Amino acid sequence: MFDTVRDDLRATLDEIRAAGLHKPERVIGTPQSATVGVTAGGRPGEVLNFCANNYLGLADHPEVIAAAHEALDRWGYGMASVRFICGTQEVHKELEARLSSFLGQEDTILYSSCFDANGGVFETLLGEEDAVISDALNHASIIDGIRLSKARRFRYANRDLADLEAKLKEATEGGARRKLIVTDGVFSMDGYVAPLREICDLADRHDAMVMVDDSHAVGFVGPTGRGTPELHGVMDRVDIVTGTLGKALGGASGGYVAARAEIVALLRQRSRPYLFSNTLAPVIAAASLKVLDLLESADDLRVRLTGNTALFRRRMTEEGFDILPGDHAIAPVMIGDASEAGRMAELLLERGVYVIGFSYPVVPQGQARIRVQLSAAHSTDDVNRAVDAFLAARAALGA
């Protein structure tokens with residue numbers, strides 16, 4: 001049987017390569033940092049890293065690493081169990097309490113990833129008599145999580161408040177018992193920020209709850225890094241915040257749902273990814289506590305990231321690159337053609353800058369791009385070198 005399947009799979013893979021949509025995985029032989037060592041394909045050893053979610057440069061921060069070492073000695077390597085059996089340690093409860101305080105929510109529940117967190121919310125909270133209203137550009141984990149629920153599904157155009165209100169009215173007229181609006185805080189392919197204040201206003205007007213996946217914001221967006229609800233002054237009006245420990249908050253893995261107390265209590269009883277997945281490794285929980293210490297004690301990393309982002313966006317705009325507007329550390333350089341985006345990424349790597357070309361199905365057809373991600377770990381010289389490499393790559397392409 002598999003001989004036939006193998007031929008079909010190989011044909012599909014050939015089509016992906018022919019369309020310029022193949023996504024190679026490069027191997028790095030160093031810790032995640034502003035500079036990494038690429039070991040695959042005969043590429044240069046040390047390259048500037050502009051494609052990680054390491055926004056605050058904490059993935060190899062010495063204090064975070066020290067906290068991880070200490071945690072291994074105190075708490076061990078792994079839990080070998082789920083939370084309700086024998087998989088809860090004091091360090092897990094401490095991290096949940098700290099995240100609740102940091103995010104201004106009543107309680108928090110940890111997951112092995114934010115993908116699992118988003119996968120565990122909708123099925124638990126919503127039934128067939130309910131409605132979920134989702135932004136069209138929400139993360140794949142939200143889309144998949146919604147698919148697991150029996151709730152009626154509505155999709156509104158990206159950040160389109162008029163369309164959102166129309167969908168809310170439709171859900172109400174359809175007799176929805178509960179209505180949940182869900183949006184990314186920051187849309188990962190564009191760097192655009194959701195208009196949360198206006199979304200909360202609509203939620204109040206139409207008796208709906210609000211859920212925000214703030215994975216690309218917590219730690220560095222907002223006056224004290226508490227994310228897009230803080231940025232828009234609606235921390236007390238958002239009912240559910242999901243996020244990850246795998247980006248700005250240390251870059252390892254793990255996710256969470258921070259929400260109203262009753263929501264978290266029900267998730268502990270009914271959320272399948274929580275009930276049937278191993279507990280977050282204690283070393284990650286302990287290191288994440290150190291990350292929160294660093295964020296609450298100083299804002300130097302956020303200030304540095306803001307400066308790097310502004311410099312890159314300004315220089316790239318001055319040089320005539322098509323870069324999506326905004327001030328987020330996600331700075332998409334629009335290319336259009338998938339093959340050309342892939343070729344530019346290769347040329348940039350040859351010039352010592354590690355970035356990735358994004359194409360369909362990660363982004364819509366015809367909207368291929370190089371998604372540059374700035375970090376507090378980058379120096380001013382690193383940023384200028386990256387822009388210079390873009391200029392050289394563009395010249396090599398004849399663009």
Side-chain angles (χ1 to χ4, degrees), residues 105 109 111 113-189 192-217 227-229 232 234 237-244 255-275:
Q105 291 289 344
I109 177 173
Y111 287 81
S113 69
C114 189
F115 206 107
D116 275 350
N118 287 334
V121 168
F122 304 99
E123 182 182 25
T124 303
L125 296 181
L126 305 176
E128 59 186 9
E129 65 270 48
D130 302 317
V132 57
I133 305 96
S134 177
D135 190 289
L137 294 188
N138 277 341
H139 191 266
S141 59
I142 292 175
I143 296 169
D144 286 358
I146 290 172
R147 287 172 176 164
L148 293 172
S149 79
K150 296 181 180 178
R152 190 176 178 194
R153 306 161 195 173
F154 298 85
R155 187 174 72 166
Y156 65 96
N158 180 234
R159 301 175 297 141
D160 187 327
L161 296 168
D163 194 26
L164 171 57
E165 183 161 35
K167 298 301 190 297
L168 284 165
K169 290 178 179 177
E170 186 178 350
T172 300
E173 292 167 358
R177 177 190 62 164
R178 298 173 185 162
K179 296 184 287 291
L180 175 62
I181 303 168
V182 57
T183 180
D184 282 1
V186 175
F187 295 92
S188 61
M189 287 298 113
Y192 293 150
V193 179
L196 289 187
R197 180 179 294 277
E198 293 83 356
I199 288 174
C200 288
D201 289 343
L202 287 175
D204 290 344
R205 195 178 309 156
H206 295 276
D207 193 25
M209 297 181 292
V210 176
M211 171 178 164
V212 178
D213 179 337
D214 226 20
S215 293
H216 286 276
T228 55
H232 292 287
V234 294
R237 300 174 66 191
V238 173
D239 301 287
I240 304 170
V241 177
T242 66
T244 180
Y256 55 84
V257 176
R260 311 293 186 187
E262 295 80 4
I263 291 174
V264 172
L266 186 60
L267 291 174
R268 291 192 193 281
Q269 301 304 311
R270 296 279 181 83
S271 180
R272 292 168 66 85
Y274 178 80
L275 292 172

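Throughout, numbering of the chain's residues begins at 1 and tracks the sequence. Note that the structure is predicted; figures quoted are calculated from it, not measured.
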Derivation of the side-chain contact (heavy atoms from CB on, under 4.5 Å) call for Val182 and Asp213: CA-CA 8 Å; Val182 57; Asp213 179 337; 6.0 Å; no

As an exercise, state the distance from [atom1] of [X] to [atom2] of [Y], rounded to the nearest 0.5 Å.
{"X": "Asp135", "Y": "Ile143", "atom1": "CG", "atom2": "CD1", "result": "9.5 Å"}
{"X": "Asp201", "Y": "Leu161", "atom1": "CG", "atom2": "CG", "result": "9.0 Å"}
{"X": "Leu126", "Y": "Arg153", "atom1": "CG", "atom2": "CZ", "result": "11.0 Å"}
{"X": "Thr183", "Y": "Ile142", "atom1": "OG1", "atom2": "CD1", "result": "7.0 Å"}
{"X": "Glu129", "Y": "Arg152", "atom1": "CD", "atom2": "CZ", "result": "13.5 Å"}
{"X": "Ile133", "Y": "Met209", "atom1": "CD1", "atom2": "CE", "result": "9.5 Å"}

Is there a donor-acceptor contact under 3.5 Å from the side chain of [X] to the main chain of [Y]?
{"X": "Asn158", "Y": "Ala136", "value": "no"}
{"X": "Lys179", "Y": "Ala171", "value": "no"}
{"X": "Arg159", "Y": "Pro195", "value": "no"}
{"X": "Arg197", "Y": "His232", "value": "yes"}
{"X": "His139", "Y": "Ser141", "value": "yes"}
{"X": "Gln105", "Y": "Val238", "value": "yes"}

If I compare all heavy atoms of [X] with all of [Y], which pair ends up nearest, and what's the gap?
{"X": "Ala131", "Y": "Phe154", "answer": "CB-CE1, 3.7 Å"}
{"X": "Leu267", "Y": "Gly120", "answer": "CD2-O, 3.5 Å"}
{"X": "Tyr256", "Y": "Ala117", "answer": "O-CB, 3.8 Å"}
{"X": "Arg178", "Y": "Asp130", "answer": "N-OD1, 2.9 Å"}
{"X": "Thr228", "Y": "Ala217", "answer": "CG2-CB, 3.8 Å"}
{"X": "Phe187", "Y": "Leu137", "answer": "CD2-O, 3.5 Å"}

Step-by-step side-chain contact (heavy atoms from CB on, under 4.5 Å) determination, Tyr192 to Val186: CA-CA 6 Å; Tyr192 293 150; Val186 175; over 6 Å; no

Does [atom1] in [X] sit with more than 12 non-hydrogen atoms of other residues, nucleotides or ligands closer than 6.0 Å?
{"X": "Arg205", "atom1": "CZ", "answer": "yes"}
{"X": "Arg270", "atom1": "CZ", "answer": "no"}
{"X": "Arg155", "atom1": "CZ", "answer": "no"}

side-chain contact (heavy atoms from CB on, under 4.5 Å) between Leu168 and Tyr156, worked out: CA-CA 10 Å; Leu168 284 165; Tyr156 65 96; over 6 Å; no

Identified side chain to side chain contact (heavy atoms under 4.5 Å, CB included) partner of Arg237 from the options Ile199, Val210, Asp204: Asp204

Residues Leu266, Thr124; criterion side-chain contact (heavy atoms from CB on, under 4.5 Å); working and verdict: CA-CA 8 Å; Leu266 186 60; Thr124 303; 3.9 Å; yes

Note: Lys167-Asp163 ion pair, threshold 4.0 Å (strictly below):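 Yes, this pair counts.
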
Test side-chain hydrogen bond (donor to acceptor under 3.5 Å, both in side chains) applied to Asn118 and Thr244, Thr242, Asp144, Asn138, the passing residue: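 Among Thr244, Thr242, Asp144, Asn138, the one meeting side-chain hydrogen bond (donor to acceptor under 3.5 Å, both in side chains) with Asn118 is Thr242.
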
